[in-house]
A.B. asks: 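One structure follows; several queries about it will come next.
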Amino acid sequence: MPELARKDVLGLETMSRQEIELVLHTADSMREVLDRPITKVPALRGRTVLMMFYEPSTRTLASFNLACKNMSADTVSVSKSSSSLVKGESLRDTIQNLESMGADAVVMRHPSAGAPHYIARNIEGSVLNAGDGAHEHPTQGLLDLFTIEQHKGSLEGLKVAIVGDILHSRVARSNIWGLSTMGADVTICGPSTLIPPYVTEIGCTVTHDVREAVTDADVIYVLRIQLERQEGSMFPGAREYRRLFTIDAERISLASPDALLMHPGPMNRGVEITTDVADGAQSVILEQVPNGVAVRMALLYLLLGGGE
């Protein structure tokens, strides 16, 4: 199986359609591994992956750890509070010292946009961006593309509505780039204060009417309202947001009968999405979780030369 023609996976903005297709095809094989009674394979035995998470994470950190363990790779976890950063050591020195101990790849989540890019320029090993500020979250974007492709067969020509806090969402950015590259028609919806101007520059349709956004949609992707990233109130309040933008049974009924409902988690039930919809027949939210393990297994396999 071929490797990715790149050292790092930092964002979907720069990934080609061929590269994305390779990742999704490889993830399909990895999903088959996860369906076996014993999920461990020796593909990356002897490899070491550093987990550098400087922001809280549940799903992404656990998913990467499981991906490494399933591939027989060793992992070392380092948090900001337990590293020499608290003593004044630079991020670059920290990573380079750890790499010199034999690390082959770094998985990094960082509150500053561009931090994984900076590290990638200063070490020889591979860097996988697990979320940098409000910039990108490429592995989430890839697992979302994989989940959609599993159900729809192809992403070409699909109508995808992304609803919620676009401005602060790294997931939204990665999905917009990935979906657009794969030929989907993307509509963005949310309060005007939470819609960044760049979305129109890459061909997205923008609306502030949630009913217009979801009508005949093949996929409804709901984003969490990220109050922790907002310096001030970007909309009147949760009550007003629920009235105008919450995805409920009435609004999802406007989409295609076989439309998929997605959410990157964690969900604010009753704010951006109602419980009956989140747990309903059209929801693939729980499917996104194991698909995330498969996609991260695929990326590690392709970057670290599992084919050897």
A.B. asks: Would you give me the side-chain donor-acceptor pairs under 3.5 Å for residues 140-155, sequence neighbours excluded?
C.D. replies:
unit_1, atom_1, unit_2, atom_2, d
Gln140, NE2, Asp144, OD1, 3.0
Gln140, NE2, Asp144, OD2, 3.4
Asp144, OD1, Tyr221, OH, 3.4
Asp144, OD1, Gln288, NE2, 2.8
Asp144, OD2, Asn175, ND2, 2.9
Asp144, OD2, Tyr221, OH, 2.5
Thr147, OG1, Leu143, O, 2.8
Thr147, OG1, Asn291, ND2, 2.9
Gln150, OE1, Asn291, ND2, 2.9
His151, NE2, Glu287, OE1, 2.7
His151, NE2, Glu287, OE2, 3.4
Lys152, NZ, Asp258, O, 2.9
Lys152, NZ, Asp258, OD2, 3.4
Ser154, OG, Glu156, N, 3.2

A.B. asks: Could you give the distance from OG (Ser283) to CD1 (Ile220), rounded to the nearest 0.5 Å?
C.D. replies: 11.0 Å

A.B. asks: With rounding to the nearest 0.5 angstrom, report the OG1 to NZ distance, Thr215 to Lys159.
C.D. replies: 6.0 Å

A.B. asks: Using a 3.5 Å distance criterion without hydrogens, assess whether the side chain of Asp248 forms a donor-acceptor pair with backbone atoms of Arg251.
C.D. replies: yes

A.B. asks: Hey, does Leu260 have a side-chain heavy atom less than 4.5 Å from the side chain of Gln282?
C.D. replies: no

A.B. asks: Where the side chain of Asp8 meets the backbone of Leu10, is there a donor-acceptor pair that is under 3.5 Å apart?
C.D. replies: no

A.B. asks: Testing Glu55, Glu13, Glu136 for salt bridge (charged side-chain N to carboxylate O under 4.0 Å, His left out) with Arg170, which one passes?
C.D. replies: Glu55

A.B. asks: List in chain and number order the residues that pass side chain to side chain donor-acceptor pair (under 3.5 Å) with Asn70, two or more places apart in sequence or in another chain; answer none if no residue qualifies.
C.D. replies: Thr39

A.B. asks: Can you list the residues that meet the side chain to side chain contact (heavy atoms under 4.5 Å, CB included) rule with Val289, with sequence neighbours excluded?
C.D. replies: none

A.B. asks: Can any side-chain N or O of Thr60 pair as donor or acceptor with the backbone N or O of Ala130 at less than 3.5 Å?
C.D. replies: no

A.B. asks: List for me each residue that meets side chain to side chain donor-acceptor pair (under 3.5 Å) alongside Arg243, sequence neighbours excluded, and say none if there are none.
C.D. replies: Glu240

A.B. asks: Before giving the answer on side chain to side chain contact (heavy atoms under 4.5 Å, CB included), spell out for Cys189 and Phe245 the whole-Å C-alpha distance, their side-chain angles and the decisive distance to 0.1 Å.
C.D. replies: CA-CA 8 Å; Cys189 180; Phe245 299 105; 4.0 Å; yes

A.B. asks: Evaluate side chain to side chain contact (heavy atoms under 4.5 Å, CB included) for Val106 paired with Ile95, printing each intermediate quantity in order.
C.D. replies: CA-CA 8 Å; Val106 175; Ile95 299 293; 4.2 Å; yes

A.B. asks: Side chain of Ser126, backbone of Lys7: donor and acceptor closer than 3.5 Å?
C.D. replies: yes

A.B. asks: To the nearest 0.5 Å, what is the distance between CG (Asn268) and CD1 (Ile225)?
C.D. replies: 8.0 Å

A.B. asks: Let me have the donor-acceptor pairs involving side chains of residues 110-122, under 3.5 Å, with sequence neighbours excluded, atom names and distances please.
C.D. replies:
unit_1, atom_1, unit_2, atom_2, d
His110, ND1, Ser112, N, 3.0
Asn122, OD1, Arg92, NE, 3.2
Asn122, ND2, Tyr118, O, 2.7

A.B. asks: Can you confirm whether Thr75 sits close enough to Val107 that some side-chain heavy atom of one is under 4.5 Å from a side-chain heavy atom of the other?
C.D. replies: no

A.B. asks: Evaluate the side chain to side chain contact (heavy atoms under 4.5 Å, CB included) criterion for residues Met267 and Val222: first the C-alpha distance (whole Å), next the side-chain angles of each, then the deciding distance (0.1 Å), finally the verdict.
C.D. replies: CA-CA 9 Å; Met267 290 183 284; Val222 186; over 6 Å; no

A.B. asks: Please check if atom CD1 in Ile202 has more than 12 non-hydrogen atoms from other residues, nucleotides or ligands closer than 6.0 Å.
C.D. replies: yes

A.B. asks: Only pairs at least two apart or in different chains count here, so list each salt bridge (charged side-chain N to carboxylate O under 4.0 Å, His left out) that has a residue in residues 28-44.
C.D. replies: Arg31-Asp35

A.B. asks: Per the salt bridge (charged side-chain N to carboxylate O under 4.0 Å, His left out) rule, what does the pair list look like for residues 266-280, sequence neighbours excluded?
C.D. replies: Arg269-Asp279

A.B. asks: Rounded to the nearest 0.5 Å, what separation is found between the OG1 atom of Thr48 and the CG atom of Leu98?
C.D. replies: 11.5 Å

A.B. asks: Before you tell me yes or no, could you show the steps for Ile166 and Leu194 under side chain to side chain contact (heavy atoms under 4.5 Å, CB included), namely the whole-Å CA-CA distance, both residues' side-chain angles and the distance that decides it to 0.1 Å?
C.D. replies: CA-CA 6 Å; Ile166 312 297; Leu194 295 178; 5.7 Å; no

A.B. asks: Quick one: list whatever passes side chain to side chain donor-acceptor pair (under 3.5 Å) with Asn97, sequence neighbours left out.
C.D. replies: none

A.B. asks: Donor-acceptor check, side chain of Arg173 to backbone of Ala134, threshold 3.5 angstrom: yes or no?
C.D. replies: yes

A.B. asks: I need the Leu24 CG to Ser29 OG distance, nearest 0.5 Å.
C.D. replies: 11.5 Å

A.B. asks: Salt bridge (charged side-chain N to carboxylate O under 4.0 Å, His left out) with Asp104: which residues, sequence neighbours excluded?
C.D. replies: Arg47

A.B. asks: Does the side chain of His137 come under 3.5 Å of the side chain of Arg109 through a donor N or O and an acceptor N or O?
C.D. replies: yes

A.B. asks: So if you build clusters from Ile, Leu, Val, Met, Phe, Trp, Tyr with side-chain heavy-atom gaps below 4.5 Å, do Val78 and Met101 land together?
C.D. replies: yes

A.B. asks: Have a look at Pro138 and tell me which of Val171, Leu12, Leu128 forms a side-chain contact (heavy atoms from CB on, under 4.5 Å) with it.
C.D. replies: Leu12

A.B. asks: Test: salt bridge (charged side-chain N to carboxylate O under 4.0 Å, His left out). Region: residues 203-221. Which pairs qualify, not counting sequence neighbours?
C.D. replies: Arg211-Glu250

A.B. asks: Can you name the salt bridge (charged side-chain N to carboxylate O under 4.0 Å, His left out) partners of Glu19, sequence neighbours left out?
C.D. replies: Arg6

A.B. asks: Run the side chain to side chain contact (heavy atoms under 4.5 Å, CB included) test against Thr181 and tell me which residues pass, sequence neighbours left out.
C.D. replies: Arg17, Ile20

A.B. asks: Treating Ile, Leu, Val, Met, Phe, Trp and Tyr as nodes and any side-chain heavy-atom pair under 4.5 angstrom as an edge, say whether Val295 and Leu286 lie in one connected cluster.
C.D. replies: no

A.B. asks: Show the nearest heavy-atom pair for residues Ala249 and Val277, with the distance to one decimal.
C.D. replies: N-CG2, 3.4 Å

A.B. asks: Measure the CG-SG distance between Asp185 and Cys204 for me, rounded to the nearest 0.5 Å.
C.D. replies: 8.5 Å

A.B. asks: Could Arg296 and Phe64 be counted as a cation-pi pair, given that NZ or CZ must be under 6.0 Å from the ring centre and within 45° of the axis?
C.D. replies: yes

